[in-house]
Amino acid sequence: MYSRITPRTRVVFIANPNNPTGTMVKRGEMEWFLDNVGGDVLVVIDEAYFEYVEDPDYPDTLLYQNRDKSILTVRTFSKIYGLAGLRLGYGAGDPEIISAMHRARHPFNTSSIAQEAAIAALDDHEHVKRSRDVNREGLRYLKDELGKLGINHTPTYTNFILIDLGKNPMPLYNALLREGVIVRPLGGYGLKTHLRVTVGLPEENERFVRAMKKVTGK
Ligand SMILES: Cc1ncc(COP(=O)(O)O)c(C=O)c1O
């Protein structure tokens with residue numbers, strides 16, 4: 001991404017961890033990028049899956065806000081907090097950037113109810129911990145079972161897992177649909193042999209594995 005920056009570049013978006021790969025940019029890589037990118041390029045770091053990451057090498061970019069750089073960190077209540085229906089997230093950046101966003105944003109773009117719910121959610125550490133625990137265990141189970149089925153996956157730092165079937169995944173996708181299991185084809189991202197599987201509750205993960213065994217005949 002750094003090598004693609006030109007004098008015309010205004011904004012760079014980095015999703016960390018990234019969707020749909022589940023991969024992460026490590027602290028050293030992020031710091032190198034931020035140190036080398038010009039201050040006139042706004043770097044937006046989308047940390048939608050921030051709360052799921054347990055790797056000590058994950059960079060919390062809220063800590064970089066005081067560098068002499070244009071950094072905007074954005075997070076959401078849609079993921080670990082389970083409040084996607086409320087349509088609320090937050091961002092932190094230089095007051096000048098926030099002020100420019102205030103001038104461009106829609107008026108009344110969130111509701112007071114969503115804001116109250118989000119403030120309460122921020123204090124619900126027990127929920128976040130439980131979600132992280134359920135996700136960690138779900139990932140472990142899915143990785144194990146996918147391994148047994150001989151299916152490759154990309155190491156993930158999120159609540160989903162990218163699997164590579166090495167061939168057109170649509171027949172499997174459609175067969176899973178008929179079993180009542182919805183996964184995500186990623187042709188739109190140029191990942192033509194992959195599917196993304198989101199971690200669910202234990203019984204949902206087990207249902208996915210049962211369906212996989214049935215439709216692959218393994
Ligand atoms: C990287 C990333 N950012 C943002 C979002 C969406 O967040 P929100 O529901 O707050 O629009 C998603 C959800 O799919 C995502 O994967």
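Both ligands and their constituent atoms are indexed starting at 1 by order of listing.
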* To do: May I ask you to check if Arg75 and Tyr90 form a cation-pi contact, with NZ or CZ under 6.0 angstrom from the six-membered ring centre and within 45° of the axis?
  => no

* Structure fact -> Per-atom filter on ligand 1: closer than 4.0 angstrom to a heavy atom of Ser78 are 8 (P), 9 (O), 10 (O)

* Is there any side-chain hydrogen bond (donor to acceptor under 3.5 Å, both in side chains) pair reaching into residues 199-218, and which pairs are they, with sequence neighbours excluded? -> Glu179-Lys214

* Would a 4.5 Å heavy-atom cut-off, applied to side chains only, mark Ile151 and Glu145 as touching? -> no

* Nearest-contact summary for atom 7 (O) of ligand 1 - protein heavy atom, Å -> Thr76 OG1, 3.8 Å

* Ligand-side contact atoms (ligand 1) for residue partner Tyr49, heavy atom cut-off under 4.0 Å -> 1 (C), 13 (C), 14 (O), 15 (C), 16 (O)

* **For atom 5 (C) of ligand 1, closest protein heavy-atom neighbour** => Lys79 CE, 4.1 Å

* atom 11 (O) of ligand 1: the protein heavy-atom neighbour that sits closest, reported with distance to 0.1 Å -> Arg87 NH2, 2.8 Å

* Asked: Applying the salt bridge (Lys or Arg N to Asp or Glu O under 4.0 Å) test to Arg27, which of Asp60, Asp55, Asp57 qualifies?
  -> Asp57

* Looking only at protein heavy atoms, which one is nearest to atom 3 (N) of ligand 1, and how far off is it? -> Asp46 OD2, 2.5 Å

* Asked: Between Leu122 and Asp124, is a side-chain contact (heavy atoms from CB on, under 4.5 Å) present by the stated rule, with each step listed?
  -> CA-CA 6 Å; Leu122 282 176; Asp124 194 349; over 6 Å; no

